[in-house]
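Here the structure is laid out as structure tokens; the discussion comes afterwards.
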Protein chains: 2
Amino acid sequence: MDQRRSPSASERKRDPERTRALLLEAAAAEFGAKGYAATRTTDIAARAGVNKQLISYYFGGKEGLYKELATSWHGTAAEMASAEQPLGTVLAGFVHTTLTDHGRLWAWSNLAEDSPPTDEAFLRAQVEQMRERQEAGELPADLDPGLLLLALMAAASAPLTLRHTARQITGEDPATPEFATKYAEQLASLVRHLSRRT
Amino acid sequence: MDQRRSPSASERKRDPERTRALLLEAAAAEFGAKGYAATRTTDIAARAGVNKQLISYYFGGKEGLYKELATSWHGTAAEMASAEQPLGTVLAGFVHTTLTDHGRLWAWSNLAEDSPPTDEAFLRAQVEQMRERQEAGELPADLDPGLLLLALMAAASAPLTLRHTARQITGEDPATPEFATKYAEQLASLVRHLSRRT
DNA sequence: GATTAAGTCAACCCATTGGTTGACAAAGCA
DNA sequence: TGCTTTGTCAACCAATGGGTTGACTTAATC
């Protein structure tokens, strides 16, 4: 039999792929929760259930691990991008992704001084979509599509970026799927008001 | 003559009030720029032009200094609050305050896990104002006033919370007053669309 | 089966960092 | 004018935290 992939990959004693993945996952959670500076490599290793030296071994240290994450999260963003769905649906998807570890990571990196290498193509495509929606009459045509996108993205990530403020306003924990759903509906309703000519 | 306040307070060799103020100001800048965890007490002291031991002397350490700031910034927020100005004006004020050191500090603390003791009364008042605006027909009545406030606050702080994203979308530095002004105008225009029945 | 390569870990290392100590100087007070 | 209090600083200290070392173990190769 083929010994190249026998012990089912998760039962094996040693499994580099798996270890790497565990570290990345743990790192996303830790970085997302506390931000880069406040995150301890020891905590990442502990969460991954692995020796902390392996961070150096696989990623060349804390910073390397962080950068690896920073460049990998674009996939997450991209999947919700596309399509000609109604704007409300797109926003709803965005609201929910802000509650993932990668979403939190994105928020932290946006505040930090050093520029993270975010995917420009994705943003450009989104701006273009805004313009199309304006032409289709779904959104007011007198607004700058870029700034409009910015405002909507910011609004959609409110449960993340204004977490404590949101909690104080609503009395609920904004980091729950239920809240996200409710909030997304409100946003959808809001953008509907932007197009509707009553 | 009264020696209690003679050397004009800024020329004196020793001036506790001034030192405290210098430290608070420097701390706001440093914390705002890098966040709590990444800020070094040495940097704060250096920026204030003062010995770092004085942080312990006056505030009982790094954390004490941070908390002092956290509880003091509400004044900043409150001043822009009130009034029956048009919503666009209020938002514009908010956009600009997000670019101050205190604004940045607020953003960081919103992301951090530990809850900062933000001023609840202020938020409640703002929610109430939203409701009034809805009743006055300035805003759609079918939206939850709290969530609406949240969305608008988030949108207004986009140049701050989505700094890098904003830069990539627009190609400009969102941390400039010029950008803030332009962005605020767009927001005003946007909320105008929310009320207008064309 | 022996040899090599790859993966993992416990222990150690040392730069950084927040905080403290003790000397000392300016200001208030008798 | 001397004594005390308050403000300030340079030097020092202990703890933390990221990174490295070297031993060891599993797995692939000959």
Side-chain angles (χ1 to χ4, degrees), chain A residues 1-27 29-31 33-70 112 114, chain B residues 1-27 29-31 33-70 112 114:
Chain A
M1 59 202 80
D2 175 18
Q3 76 268 29
R4 195 63 263 218
R5 54 160 307 286
S6 29
S8 81
S10 54
E11 297 303 334
R12 230 178 316 171
K13 275 292 163 58
R14 310 178 109 190
D15 187 341
E17 302 298 323
R18 182 172 148 78
T19 302
R20 261 188 75 100
L22 282 174
L23 277 174
L24 281 172
E25 189 182 330
E30 292 289 324
F31 284 139
K34 315 181 211 169
Y36 180 82
T39 295
R40 309 284 150 237
T41 56
T42 304
D43 295 343
I44 297 177
R47 180 184 282 250
V50 117
N51 189 280
K52 90 187 167 85
Q53 196 276 336
L54 296 181
I55 293 173
S56 293
Y57 185 73
Y58 284 109
F59 304 98
K62 183 185 182 183
E63 190 173 342
L65 178 50
Y66 181 77
K67 284 185 178 155
E68 181 92 1
L69 280 174
D114 57 20
Chain B
M1 60 201 78
D2 176 18
Q3 77 266 30
R4 193 66 259 216
R5 54 159 306 283
S6 27
S8 83
S10 54
E11 296 302 335
R12 233 177 315 171
K13 275 290 164 58
R14 311 178 107 191
D15 188 341
E17 303 297 322
R18 182 173 149 78
T19 302
R20 261 187 75 100
L22 282 173
L23 278 174
L24 281 172
E25 189 182 329
E30 292 290 324
F31 283 139
K34 316 182 211 168
Y36 180 84
T39 295
R40 308 287 148 234
T41 56
T42 304
D43 295 342
I44 297 177
R47 181 185 282 251
V50 118
N51 189 282
K52 93 188 165 82
Q53 196 276 335
L54 297 180
I55 293 173
S56 292
Y57 185 72
Y58 284 109
F59 305 98
K62 183 184 182 183
E63 191 174 343
L65 178 50
Y66 181 78
K67 284 185 178 157
E68 181 92 1
L69 280 174
D114 58 20

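Please read all numbers here as calculations on a predicted model, not as lab measurements. Every chain is numbered from 1 and lettered A, B, ... according to where its sequence line falls, protein lines coming before strand lines. Computation of the quantities below employed the complete heavy-atom set of this structure, encompassing side-chain atoms and omitting hydrogens, waters and symmetry-equivalent molecules.
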Checklist entry - Is the cationic atom of A:Lys62 (NZ for Lys, CZ for Arg) positioned less than 6.0 Å from the six-membered ring centroid of A:Tyr36 and within 45 degrees of its normal? => result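 Yes, a cation-pi geometry.
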
Item to check | Closest listed nucleotide, where the reference is the side chain of B:Val50 and the choices are C:dC9, D:dC9, D:dG19 | outcome: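 From the listed options, D:dC9 comes nearest.
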
Item to check | Which nucleotide in D:dT8, C:dG7, C:dG18 has an atom nearest any side-chain atom of B:Tyr58 | outcome: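 Nearest to the side chain of B:Tyr58 among the choices is D:dT8.
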
Using a cut-off of less than 4.0 Å, is there contact between a side-chain N or O of [X] and OP1 or OP2 of [N]?
X: A:Ser56; N: D:dG18; result: no
X: A:Thr41; N: D:dG18; result: yes
X: A:Arg40; N: D:dG18; result: yes

Checklist entry - Of all the base pairs, Watson-Crick or G-U under 3.5 Å, which form stems of three or more consecutive pairs involving DNA chain C? => result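 For DNA chain C the paired stretches long enough to count as stems (3 pairs minimum) are C:1-30 with D:1-30.
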
Measure from [atom1] on [X] to [atom2] on [N] and round the result to the nearest Å.
X: B:Tyr57; N: C:dG22; atom1: OH; atom2: C1'; value: 14 Å
X: B:Lys62; N: C:dT20; atom1: NZ; atom2: P; value: 14 Å
X: A:Leu54; N: D:dC24; atom1: CG; atom2: C1'; value: 14 Å
X: B:Phe59; N: C:dG18; atom1: CZ; atom2: C1'; value: 16 Å
X: A:Arg18; N: D:dT26; atom1: CZ; atom2: P; value: 17 Å
X: A:Arg20; N: C:dT8; atom1: CZ; atom2: P; value: 12 Å
X: B:Lys34; N: C:dT17; atom1: NZ; atom2: C1'; value: 13 Å
X: B:Glu17; N: D:dT8; atom1: CD; atom2: C1'; value: 16 Å

Checklist entry - For atom CD of A:Glu25, is the number of surrounding heavy atoms from other residues, nucleotides or ligands below 6.0 Å larger than 12? => result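 Result for CD/A:Glu25: open.
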
Item to check | A:Tyr57/A:Asn51 under side-chain contact (heavy atoms from CB on, under 4.5 Å): CA gap, chis, key distance, verdict | outcome: CA-CA 10 Å; A:Tyr57 185 73; A:Asn51 189 280; over 6 Å; no

Nearest heavy atoms of [X] and [Y], plus distance in Å:
X: A:Ala38; Y: B:Ala37; value: CB-CB, 3.6 Å
X: A:Leu69; Y: A:Phe31; value: CD1-CD1, 3.8 Å
X: A:Tyr58; Y: A:Thr19; value: CE1-CG2, 3.7 Å
X: A:Lys52; Y: A:Thr42; value: CD-OG1, 4.0 Å
X: A:Leu23; Y: A:Ala45; value: CD2-CA, 4.5 Å

Heteroatom pairs (N/O) under 3.5 angstrom, protein to nucleotides 10-13 of chain D:
residue	atom	partner	partner atom	Å
D:dA10	N7	B:Asn51	ND2	3.1

Next on the checklist: Any non-hydrogen side-chain atom of A:Leu65 less than 4.5 Å from a side-chain atom of A:Leu24?
Outcome noted: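 A side-chain contact exists here, since the closest heavy-atom pair is under 4.5 Å.
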
